[in-house]
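Written below as structure tokens is the structure these notes are about.
Since the model is a prediction, treat every value here as computed from it, not as a measurement. Just so you know, these numbers use all the heavy atoms, side chains as well, and skip hydrogens, waters and symmetry mates.
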Amino acid sequence: QVQLVESGGGLVQAGGSLRLSCAASGTIFSINVMGWYRQAPGKQRELVARITKGGSTNYADSVKGRFTISRDNTKNTVYLQMNSLKPEDTAVYYCKADLSSITYYWGQGTQVTVSS
């Protein structure tokens, strides 16, 4: 079992920055990939960024150059630094931990609202 607790969401003006954190607990040694996903009202949940245990990263095209995912294995925490935020970044952001292709856990989500 893995528990994920997200924090750092909030309301920010366009062009501003936020940093999301996701702290993992439980059988964390089994986590291979951690990622951030988001879901806007009326839309499907989509990948924002992901990072492997070895530090390899992937980003959605819409956030490349603006968002940075990082991982602190000593704190069992993954971060998402979001800069140059746009109104279209408004969504609930979810942390996900993949233990394998069929075993994964989600956090409870944190709201990010970007005003124009």
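Because its NZ or CZ atom is both nearer than 6.0 Å to the ring centre of Y94 and within 45° of the ring axis, R45 counts as a cation-pi partner of that residue. Judged by the 6.0 Å distance and 45° axis criteria, R19 is positioned over the aromatic ring of Y79.
When side chains are defined from C-beta on, D98 does not count as touching Y105, because their heavy atoms never get closer than 4.5 Å. Proximity of I69 to V78: side-chain heavy atoms (C-beta onward) are separated by under 4.5 Å at one or more points. Proximity of R38 to V63: side-chain heavy atoms (C-beta onward) are separated by under 4.5 Å at one or more points. Here the side chains of M82 and V112 are in contact, with some heavy-atom distance below 4.5 Å.
Salt-bridge check for K64 with D61: passed, with a basic side-chain N closer than 4.0 Å to an acidic carboxylate O.
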**Request:** Given side chain to side chain contact (heavy atoms under 4.5 Å, CB included), test T68 with L80 step by step and report yes or no.
**Result:** CA-CA 6 Å; T68 303; L80 184 68; over 6 Å; no
**Request:** Would you sort out whether S70 and Q81 count as a side chain to side chain contact (heavy atoms under 4.5 Å, CB included), showing the intermediate values?
**Result:** CA-CA 8 Å; S70 60; Q81 178 66 44; over 6 Å; no
**Request:** Report the C-alpha distance between W106 and Y37 in whole Å, list the side-chain angles of each, state the deciding distance to 0.1 Å, and finish with yes or no for ring-ring contact (aromatic ring centres under 6.0 Å, His included).
**Result:** CA-CA 10 Å; W106 290 98; Y37 291 70; 5.1 Å; yes
**Asked** Would F67 and L85 count as a side chain to side chain contact (heavy atoms under 4.5 Å, CB included) if you check the C-alpha gap in whole Å, the side-chain angles of each, and the deciding distance to 0.1 Å?
**Response** CA-CA 9 Å; F67 291 11; L85 282 160; 3.8 Å; yes
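Neither side chain, T77 nor D72, offers a donor N or O lying under 3.5 Å from an acceptor on the other. Looking at Q111 and T113, their side chains do bring a donor and an acceptor atom within 3.5 Å of each other. Counted by atom type alone, N83 and R66 present zero donor-acceptor pairs between their side chains at under 3.5 Å.
In this structure, the separation between SG on C22 and NZ on K96 is 12.5 Å, given to the nearest 0.5 Å. Here the OG atom belonging to S25 is positioned 8.5 Å from the CG atom belonging to N76, to the nearest 0.5 angstrom. Here the straight-line distance linking atom OG of S116 with atom NZ of K86 works out to 14.0 Å at 0.5 Å rounding. The structure places CG of L20 at 4.5 Å from CH2 of W36, a figure rounded to the nearest 0.5 Å. With values rounded to the nearest 0.5 angstrom, N32 atom CG is found 9.0 Å from T52 atom OG1.
Side-chain atoms of T103 never come within 3.5 Å of backbone atoms of S100 as a donor-acceptor pair (strictly under, hydrogens ignored).
Heavy atoms only, all atoms of each residue included: Y93 and E6 are closest at O-OE2, 3.9 Å. The shortest heavy-atom contact between A97 and V2 is CB-CG1, 4.4 Å. Nearest approach of A49 to Y59, heavy atoms of both residues: CB-CD2, 3.6 Å. Counting all heavy atoms, side chain and backbone alike, L4 lies closest to Q108 at O-OE1, 3.5 Å. Residues I31 and A24 share a closest heavy-atom pair of CD1-CB, 4.0 Å. Taking every heavy atom of both residues into account, A40 and A91 meet most closely at N-CB, 3.8 Å.
Put simply, V92 and M34 are part of two different groups of oily side chains (I, L, V, M, F, W, Y) that touch within less than 4.5 Å, one to the next.
Heavy-atom neighbours of K75 NZ from other residues, nucleotides or ligands within 6.0 Å: at or below the threshold of 12.
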